[in-house]
Every structure is written in C-alpha cells, then in structure tokens.
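Notes for the one structure printed next.
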Amino acid sequence: MSLLVVGLSHRSAPVSVLERASLATETQAKLLQDALAAEPAAEAAVLATCNRIELYADVDKFHAGVAELSTLLAQHSGVGLDELTPYLYVHYEDRAVHHLFSVACGLDSMVVGEGQILGQIKDALALGQELHTAGRLLNDLFQQALRVGKRAHSETGIDRAGQSLVTFGLEQLAAGADVADWARGKRALVIGAGSMSSLAAATLARTGVAEIVVANRTRARADRLVEILGQSGGTGVAVHAVEMAAVPDELTRADVVVSCTGATGLVLTAEAVAGALGLAFDPGHEAPAATVPAPPADPDRHAAWVENGTTGMVRQAVHRTTVPAQGAGPVRLALLDLAMPRDIDGATARLDGVRLVDIESLAEASADAPMAADVDQVRTIVADEVAAFGAAQRAAHITPTVVALRTMAADLVAGEIARLDGRLPDLDEKQRAEITQTVRRVVDKLLHAPTVRVKQLASEPGGAGYADALRELFDLDPQTVAAVSRADLNDPNRGRS
C-alpha cells in the first residue's frame, strides 16, 4: 500500500473554484466513508480549510487511486470533474509526505508561517479516527506532521516569515498604519463563533478596540465565545453577544466587521452594507472572470507545474477577479472576510467609505511578502523529517514479520521444554527453570543479529523486500504475520496523542 494525496489549494485554483468546492463537516464525513468503500483505498483522511481541500489515502494502485479520489472530490464538492481536474494536484509516497509536512509548517499557507493549520490538521486526524477511516499509515503520518509543525515553530523563526490570516488581514485594513493605533476606540462586529472567528475576536481585543459584538447562528456558541473573551481579562474591552437577526442594526454602529461563518451563501450583501451606511446601491458592472492557465494533465508533472511559477499566475488571475477599486472617501466601515465561500459580497468594495479585505486580496498581498531566511531552515527540517518518516515506515513494515519469527521461536522453545519434561520427569523446578532460560538465551542470541540487521536494511530505500525474504527463509505462515499487523493496527492507543 502507498500514500496518495489528491487536492486543490490557493496555489493551484482560483478562489472562485475553492469557494464552490468547499466541504461542510458532514460532507467530509461522507467523503471519507465513500473513499474507504472505494476499491483502491484502505485508509482515508480529508484536510479541508479555507484555502485547501485535500484527500489523503493509502492505496494499492496509483492510477486507479488518482481516478477514484478525483471523482470522489468532484462528487462531494459539487464541482464537475471536467472543471475540477485542471486545478487538482497529485502527490505520491515520499512526495505526499513532504507535502503534508510542508503544509503543517506553514510553508504552503497563503501567509507563510501561520500556525492555525496545525489545529486544522489535528481536526482532520480526529475526524478520521472518529470514523475509523484513518489506520496505521495515516495515524502515523498526521501525528508526525503535527510534531514537525511544532518543531518548525519552536526551532526556527518561521513565525517571523508571516502572520496569521487575522493579523495579516487587520494589517491590510490598517493600510500601513500601526494596527493598535488604527484599532484604538473602534467598535468591532465579529460574525461567527468558530475557531477563526474566535481568533479574530481575541486578536481584536489585544489590538485595543473599545467594544466587540459577537453574532452567530447558534446563540449559545456566541455566548460561549463572549465568556471566553471575558475570562481572558486585562484588555478592558466590552464584549457581548447578539442574535444573527440583530446584525443589520449592529452594522449601523460598527467600525470594523470580521466575518467567518460556514454559510454557503452571502452573510452581508452589498445592499445591506449600503443600507447600514445610508448609501444608495447600484449593482453596476460585474468584474470579468479570470482566465487561469491550464496545468498539465499528467499527475506526475502537476506538482512541478505548481511549484515552477504557476502560483504567481494564479494569484494574478485571482487579483483580476477582485473588485479593482475601493470606494471613495474616508473609510467609515472596514470589512474583513475570512470565510470560504465568502461571507461578504465583493461589490461592497465599490461603496463609498468601505474598505474590504478578503481571501482574494490577501492572496495578492501575500504574494509579495518577504520570505525570511528561517524558511530555509524549515525546509531542511521538512526534508530530514520526510527521510526519517520513510525509514520508520519501512522499518515498521518488517516489524510484524520479526514479531512472528520470534513468536515461532518462543513456541518451539516451549514445545521442546514440554518434551523434556516428558523425558526427564524427575527434574526439580530450579533445574527446569535453568534449562529453559539457557535454551531461550541461545535462541535469542541466534536471532538477535539477523533481526537487528534486517530492520536496518529494511529502513533503507528499496528495503521492502527483506520482509518477504525473512518469511521465505523461515517458512513463516503469512496468516500469522497478518494477525500481528492487525493487532498493531487495532491497538486503541495507536496514533493518539
């Protein structure tokens, strides 16, 4: 079996496609169940964020796996396969491991170095564990990815290479001014109470806004976020929750709005924002759709295509889909849309006194962000960890065979000791124990060197055949080896932190 990932992200697809392909939690669960029911996949996990949708699987056939996972992504995202395929990338075996580790370190994020992706990887693993679609390989992979990401953040200055989307977004709203000076005294409306909205509310509180109002479809979650913000203390910010129905009224009093919900439609229309500001709204002219250059159809060339400059072309195309000009006059209302699909109508940017920052404009702004030297350190960490993971997986592949060999040897010793009891019934317990221990020591010493060496050899590239050689040499029952593998896979403590 081999690791395969098929997905799309802000690096390979325009925001308009990512919006349409976004997956709700219940859809992710159905996708995983269907992936496991498909013939090529033995395990599956899905990583779905604002900027990426990736399906990971342990497959026995590469081409069949690519076809099946691509089809499943199209079916569950609602974007036709023909339309989706040009934006998909494929990574296989070590390259797939390298990709996830890079994602975990924030190297593949829209804002390089952001740390929120670690929580999203943890959530992806938890869903796979809950649905029993993540087996030994994906448990090991995602757990290791979390460790690699934490190592990158603790051992390097990758955090200096970029900021979280929230911080970066607020900096874009401040338009070059100090964020704390810009935010001081403002009244903020946060729509949504999920992880991103919670981060936004906490960040706003630290920047020094005067008041934060939280609106959410489920009032209890909004109340809970308010409670958490109140417990943090020390900010002096007034915080309270309202129903979603109160958003139009709150909009008339807000200076800053941050929205990140799971809604499939717009939460704030341009007409609603115009009404809150007392402006007339003219739908006007729609921005033309962007044309993104088509990638190679060959999956093996796709990753190289993405890395070799296509990111810039995609970002340029993304920029062309953004409303080109902000409204005239001083900013009366600053809007930050961190949702995918978008929460705030892009046409609001044309309203006088409105400044809009969304995923599209963040993509364009981050394209020119300076890359810190720490990124090179993180890339070195990723390369080392990919090699270590591959060696560990190859070594683990032979472990069931080694365990089966030692089990067979222990059974032989037990059988011979039982036969000795029949031939020498007068042995006392001390004599019998000494003989038993001696025979076990001899067997252990005979097996020690070859089993240690075969594990070393198996951990090297191309070492997968040593397990087969060991089974053949010692005539091990394949069913016994398989039973050891199943016992390891079903260990309830495996793959859980």
Side-chain angles (χ1 to χ4, degrees), residues 1-8 12 23 28 30-48 53-77 79-82 84-101 124-125 128 131-142 144-145 295-306 386 389-401 458 461-469 471 478-479 481-482 485-486 488-489 495:
M1 303 297 281
S2 300
L3 178 65
L4 173 67
V5 57
V6 178
L8 67 159
S12 69
L23 302 175
Q28 294 176 37
K30 186 65 167 62
L31 171 60
L32 288 178
Q33 292 163 345
D34 289 351
L36 218 60
E39 183 178 342
E43 303 180 30
V46 62
L47 178 59
I53 302 166
E54 297 176 344
L55 183 56
Y56 291 76
D58 186 8
V59 300
D60 58 1
K61 298 174 184 176
F62 172 73
H63 291 290
V66 171
E68 187 63 39
L69 298 192
S70 301
T71 299
L72 286 170
L73 281 173
Q75 289 176 347
H76 290 80
S77 68
V79 179
L81 183 60
D82 289 343
L84 191 65
T85 297
Y87 304 114
L88 294 177
Y89 47 76
V90 174
H91 298 296
Y92 191 55
E93 295 187 325
D94 283 353
R95 202 166 73 187
V97 177
H98 188 282
H99 175 72
L100 181 59
F101 287 4
L125 175 59
L131 299 175
H132 306 290
T133 63
R136 181 174 62 190
L137 175 61
L138 293 185
N139 268 291
D140 288 350
L141 175 69
F142 277 69
Q144 186 70 9
D298 181 0
D300 294 327
R301 296 172 55 212
H302 200 116
W305 175 83
V306 172
V386 170
F389 182 82
Q393 287 298 305
R394 289 188 291 271
H397 180 69
I398 203 169
T399 298
T401 303
Y466 285 101
D468 295 334
R471 286 194 294 270
Q479 296 299 322
V481 177
S485 298
R486 286 194 298 271
D488 180 56
L489 185 60

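Start at 1 with the first residue, then count along the sequence.
Checked against side-chain hydrogen bond (donor to acceptor under 3.5 Å, both in side chains), Q144 has the following partners two or more places apart in sequence or in another chain: R147, E385. Under the side-chain hydrogen bond (donor to acceptor under 3.5 Å, both in side chains) criterion, K30 pairs with D34, not counting sequence neighbours. Partners of A64 under the side chain to side chain contact (heavy atoms under 4.5 Å, CB included) rule, at least two apart in sequence or in another chain, are P40, K61.
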Query raised in the report: Can S77 and L84 be said to form a side-chain contact (heavy atoms from CB on, under 4.5 Å), step by step?
Result: CA-CA 9 Å; S77 68; L84 191 65; 4.2 Å; yes
Query raised in the report: Stepwise, does the side-chain contact (heavy atoms from CB on, under 4.5 Å) test hold for L141 with L125?
Result: CA-CA 9 Å; L141 175 69; L125 175 59; over 6 Å; no
**Report entry** side-chain contact (heavy atoms from CB on, under 4.5 Å) between F62 and S2, intermediate numbers included
**Finding:** CA-CA 8 Å; F62 172 73; S2 300; over 6 Å; no
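A donor-acceptor contact shorter than 3.5 Å is absent between the side chain of S12 and the backbone of L88.
Shown here for L81 and S70, the closest heavy-atom pair between the two residues is CD1-O, 3.6 Å. Of all heavy-atom pairs between A38 and E68, the closest is CB-CG, 3.4 Å. For the residue pair G65 and L4, the shortest heavy atom distance occurs at C-CD2, 3.5 Å. When all heavy atoms of L23 and Q28 are compared, the closest pair comes out as O-NE2, 3.2 Å. Heavy atoms only, all atoms of each residue included: A74 and G80 are closest at CB-C, 4.2 Å. Scanning all heavy atoms of the two residues, the minimum distance from L131 to Q33 falls at CD2-NE2, 4.0 Å.
At least one side-chain heavy atom of I53 sits less than 4.5 Å from a side-chain heavy atom of L73. Between L32 and L55, some side-chain heavy-atom pair lies under the 4.5 Å cut-off. Annotation: side chain of L138 is in contact with side chain of L3 (closest heavy-atom distance under 4.5 Å). V66 is not listed as a side-chain neighbour of Y92, based on a closest heavy-atom distance of 4.5 Å or more.
In this pair, H99 and H91 present their aromatic rings parallel. The plane angle is below 30°, not in the 30 to 60° band.
Judged by distance alone, the side chains of E54 and Y89 do bring a donor and an acceptor atom under 3.5 Å apart.
How far CZ of R136 is from CG of D58: 9.0 Å, rounded to the nearest 0.5 Å. The CD atom of E93 sits 15.5 Å away from the NE2 atom of H98 when rounded to the nearest 0.5 Å. In this structure, CG in L100 is found 7.0 Å from CG in L47, a value given to the nearest 0.5 Å. The CZ atom of F101 lies 10.0 Å from the CG atom of D94; values are rounded to the nearest 0.5 Å.
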